[in-house]
Amino acid sequence: MFPPIYSPSDVEKEVFQFWHDNRIYEKVKKNGDKDFFFVDGPPYTTGEIHLGTAWNKVIKDVILRYKRMCNYRVRDTPGWDMHGLPIEVKVETLLKFKTKRDIEKYGVSKFVKKCMEFALENKEKMTEQFKRLAVWMDWDNPYMTIKADYINAAWWTIKRAYDRGLLEKKLRVVNWCPRCETALAEAEVEYMDKVDPSIYVKFPIKGEKDTYIVIWTTTPWTLPANMAVAVHPDYTYVKALVKKDGKEEKIIVAKDLLESVAKKGEYEIVKIVEEFSGKELEGLEYEHPLSDEVPYQKDVKHFVCLADFVVVENTGCVHIAPGHGADDFYLGQKYGLEVFNPVDDRGVYTDKAGKYAGIDIRKANSIIIEDLKRKGLLLHKEEITHRYGHCWRCKSPIIYRATEQWFVCVSRVKEKMLKEIDKVQWIPDWAGSSRFKDWVSNARDWCISRQRYWGIPIPVWICERCGKIKVIGSIDELGIEINSDLDVHRPRVDEVTFECECGGKMKRVPDVFDVWFDSGVASWATLRYPKVKEEFEKLWPADFITEGHDQTRGWFYSQLGASVIAFDRAPYKAVLMHGFSLDKYGRKMSKSLGNVVKPEEVLDRIGVDAFRLYVLSSAPWEDLKFSMEEAEMYRKFLNIVWNAVRFAYMYMTLDKEEFIENCNKIELKVEDKWILSRLENFCKITKDALETYNIHKAVKAFVDFFVEDFSRWYIQLIRSRVWEEKASPSKMTAYFTILKVIDKSMRAMSPYIPVTAEWIYQHFIKEFCEIREKVFESKIKESIFMESFPEIEEDFINNELEEAMKVAKDVFEATSNARQKAKRKLRWPLRLLVIEGDEKVKKAVKMLEEIIKTQCNVKEIKYVEKFEKKVKAQVNYKEAGPILKDKVRSFVEYVNNMSEEELMSVVGSGEIEFEGKKLPVSLINIKYEIPEGYVESEFSYGKIYLYVEMDDELWKECLAREIVRRIQEMRKIMNLNVEEYIDVALSCKKEFVNGWIDYITREVRAKNIEFESKFEGDWFLKEWDIEGEKVKIGIKRCS
RNA sequence: GGGCCCGUGGCUCAGCCUGGUUAGAGCGCUCGCCUGAUAAGCGAGAGGUCCGGGGUUCAAACCCCCGCGGGCCCA
């Protein structure tokens, strides 16, 4: 059965059921004799997929389906990223927790269990959503970062790093979230606008009265930790005498900034006392501005340092707190400054901060500013809006804080990483060569430790007595019985201790891994390496991965880093970087903007295949500005596909028996050859698009081929052929052609529109499987996905014919245009169509004469190289007047007497000779006049001239057709069966349609036609206006 | 401040790598056609400073430089 209306939801329901009941995916999965190793970038288990994730999986599915049809055995394990802060934060919110202490109080064991339940529950929800996208992955056997085997792989990897000397515990300034009380990686910091104080502070120079070096900062709370001031060695600085409220003092700032600083401080510049280079300032001592408040600072020697990172902005002197800034830290190392960090995990000052002890740093800014003001050290205060880092999950502003953390020394393998990038195929090219390389070459050592609970425990144990470190590389080394995945998490793992050689007790460092490290090991953890070796040796590295461009710093990076550390090579061979999904205005979709479009919403409206076509229609690496209207268009296209197949189905099932018997009697007509050539070219483009990951190109090719060429043109051309008597070779050939087109094109497109393609395979291709077997020698399979991707049959490609058909279509369009101008309906036959053009057009007209004639509905067509037109010339008085003056009159006479040939030669030469002088042709206006009765229209390769004059004979035919049209419509209103006969009564004269009565009778299946009828009896009556004539028509069913 | 990408009719995009007819398509709009695929289908028309400015060239949407706007990433 073939429902007349295309209902995506019904089709989906049926196909999904079919796949499920017959375990099609499982069967397809077994096929293939070459390996294709795909690694899924694990989505984070938030519980809901969004458009971007949907798009991402659809891209993956298209590639995987294609590869399967190319006889690959595809490794398609989906992945889930299930550890880390995002889930902890969600669970904390659920339990109404505010700080880590709440978690400890509640019990880490219970908390971690909750996190795991939450993650698993979300995984289930999201799996269902992905399934609805018709994504075929091994949903029953995903890889999960929380599984013991997975953790085993992560531990093995970090052990590798340790053995190679690439794992270090270091004191470093890290991004710190005071709410989550943990270090964060660069990748976990999100930059957002924030308003902060912007203050200029005077630091008193030691031993010089009323002399200050002026610094600028947006983080007053870091001032208690100030250890130095940095200046640029090559800049010029000044000591200037300035005056305010009658009081004089001296300030040191960069020379170029003196004026603006003075203005901010409302100073009057008296004079420049001294000028020096930055170098000369090195070692200059000053007093800490808050040494009274922070007694610790009293014993510290503060002085000026040199640093290249200083820029000519604000004051040109930079406040240095090695405990609160990365640059500051490294500068501090150089100068031997103390890494003073008087702030604890929660962002609260410790006792070392003196007066400020116990104060939250977020509340400290105003207190410190007040203190500075009181002490007369605040030169100026304002506010500034700037981009500032925030915790990616809880959105708290991050702080920089020196702490001891575990690092993977990326800086030492960076060169190798860059070399490996070159060996990978990047789509597009610049994703690797420019973007990713830029990120990697700027990468610092990777901080992999987090002071949290829900993550892979870092497998490092340290002896309490001698400090010896033990890193374990496998869960077996734990020496405990592992009954569930929870056993390899905190707090169970924390309970494990080892005995040190020194006799001391080794305890695990309490940290867990950065989640990016989890996903970084995915390509071998998914193969359960190192526990299982065979698959890894056979498959690794990945043949293909694809993710959004945000993963440059995320998964592309974490995988490369982890893999170079473990194996000295990139873990992937090809990477397709895709874009972001934005709203239709190009803005990021976010809950706060309220512009989030849910995938389910779109699927409900247009169906999964239309959704897939839509997201696959634009270049994958470009951002996708989502527009529902655009997406709906693809539903319309699929509707056309549906109707085209249904059209074929209707006739072909009627003639099925004849078709089976006669399917070997094939005589291809020119239009058949044409569409078969187009079919091969379409398959070629699609194959190429999929091979090169230019997946959008196939969508366009499909619309061009199936909608434009097959449905809108080929089916129009062969309409009359399917109405021929049973088993005519011409009809059989059309059926053969249609079968081949639908068969091959659906196979080619099935990776894109799996549901529709499968449905058509089940209901159309299967219906004609005997024929398919007989003529194409291909046995029907259980599902279209057990078929292979169509072979390209080069022999069928005829580019010359395709070109010719383009001309024919053009001619048809130009003719429609001319008809419209002349108000001649397509239904009305016309006498003559003249086509003018070059050799190409000539050839096309010769090849496709019949097609052009029928489609354009003309009795005759004629090709000419040059259509004869009358040339007429008129004098251009405006131009001619000033040149010819009084001779204009005789010039006019001369021009009027010129023959057509003379005029043509004038046009050719561009000059007109008059009374021995050569004049520019612009003195006359040349006009071409086409002969009476013709209407002209242009097309790409030439022009057409349509003869639109009517004569009596033609007009009768026109009227006959008009009447037929009306009667047909009335039949439809009456709901008559196609085969039923009728009686017809007309209120017009018989002479009206003389000669066409048989035609009308035949067309409308009439038994009897009565003219000038009085309509006596039981007629279905309707009055029509046919070209100004009132015509009354009655019909009735023949009994 | 830096890196990368994008900017083409009202909308969404193709074309750019490899410069060369009149810059294409779909949607929308206006007008019309078709009527045995019909709760469908089809055609025509209008609509463009190819973001702006320079340069290279006989020739630039396309190559180069400088801006402007948007996105992603970094400082």
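Chain letters run A, B, ... following the sequence lines, proteins first, then strands; residues in each count from 1. Values below: every heavy atom of this structure, side chains too, minus hydrogens, waters and symmetry copies.
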Over how many whole Å does the gap from [X] atom [atom1] to [N] atom [atom2] extend?
X       : N      : atom1 : atom2 : result
D838(A) : U21(B) : CG    : P     : 16 Å
N442(A) : G1(B)  : CG    : P     : 17 Å
K625(A) : C27(B) : NZ    : C1'   : 15 Å
K697(A) : C16(B) : NZ    : C1'   : 11 Å
L946(A) : A44(B) : CG    : P     : 15 Å
F637(A) : A40(B) : CZ    : P     : 16 Å
F2(A)   : A40(B) : CZ    : C1'   : 14 Å
W55(A)  : C72(B) : CH2   : C1'   : 12 Å

From [options], nucleotide with atom closest to [X] side chain:
X       : options                : value
R719(A) : G71(B), A37(B), G43(B) : A37(B)
M633(A) : G41(B), G43(B), C27(B) : C27(B)
F580(A) : A44(B), C72(B), A40(B) : C72(B)
D550(A) : C6(B), C34(B), C73(B)  : C73(B)
W430(A) : C72(B), C4(B), A37(B)  : C4(B)
E622(A) : C6(B), A44(B), G71(B)  : C6(B)
E708(A) : C4(B), G45(B), G26(B)  : G26(B)

For Y714(A), which of D709(A), I738(A), V741(A) qualifies under side chain to side chain contact (heavy atoms under 4.5 Å, CB included)? I738(A)
Could you tell me whether [X] contacts a base, only the sugar-phosphate backbone, or nothing, with contacts defined as non-hydrogen atoms closer than 4.0 Å?
X       : result
E630(A) : base
Y651(A) : sugar-phosphate
S617(A) : nothing
R819(A) : nothing
A644(A) : base
S816(A) : sugar-phosphate
K823(A) : nothing
F812(A) : nothing
E969(A) : nothing
N643(A) : base

Residue pair Y614(A)/K972(A) against RNA chain B: nearer the 5' end by closest nucleotide is Y614(A)
The residue, V707(A) or Q716(A), whose nearest nucleotide of RNA chain B is more 5′ is Q716(A)
Counting only distance, no hydrogens or angles, is the base of A14(B) paired donor-acceptor with the side chain of S618(A) under 3.5 Å? no
Could you tell me whether the side chain of R435(A) has a donor or acceptor atom within less than 3.5 Å of a complementary atom in the base of C72(B)? yes
With the threshold set at 4.0 Å, does a side-chain nitrogen-carboxylate oxygen contact exist between E813(A) and K809(A)? no
Could E969(A) and R966(A) be called an ion pair, given the rule that one side-chain N must be under 4.0 Å from one carboxylate O? no
Quick one: look up who [N] pairs with, Watson-Crick or G-U, both distances under 3.5 Å, and put none if it's unpaired.
N      : value
G45(B) : C29(B)
G1(B)  : C74(B)
C13(B) : G24(B)
A60(B) : none

What integer number of Å spans the [atom1] atoms of [N] and [M]?
N      : M      : atom1 : result
A25(B) : G48(B) : P     : 15 Å
U22(B) : U18(B) : P     : 24 Å
C17(B) : A60(B) : P     : 14 Å
C58(B) : G52(B) : P     : 24 Å
A23(B) : C62(B) : P     : 15 Å
G19(B) : U35(B) : P     : 49 Å
C73(B) : C11(B) : C1'   : 29 Å
A46(B) : G70(B) : C1'   : 30 Å

Verify, without hydrogens or angle tests, whether E1003(A) (side chain) and V964(A) (backbone) share a donor-acceptor contact under 3.5 angstrom. no
After noting the C-alpha distance and the side-chain angles of F2(A) and W759(A), does the key distance pass the ring-ring contact (aromatic ring centres under 6.0 Å, His included) rule? CA-CA 10 Å; F2(A) 211 120; W759(A) 196 94; 5.0 Å; yes
Would you say R965(A) and Q968(A) are linked by a side-chain donor-acceptor pair, where the criterion is simply a distance under 3.5 Å? no
Could you verify whether a donor N or O on one side chain and an acceptor N or O on the other, from T222(A) and H319(A), lie under 3.5 Å apart? yes
Crowding at CZ, R827(A) (>12 non-hydrogen neighbours, <6.0 Å): yes
Report the C-alpha separation of Y634(A) and F637(A) in whole Å, then their side-chain angles, then the decisive distance to 0.1 Å, and conclude whether the ring-ring contact (aromatic ring centres under 6.0 Å, His included) test is met. CA-CA 5 Å; Y634(A) 286 91; F637(A) 285 147; 5.6 Å; yes
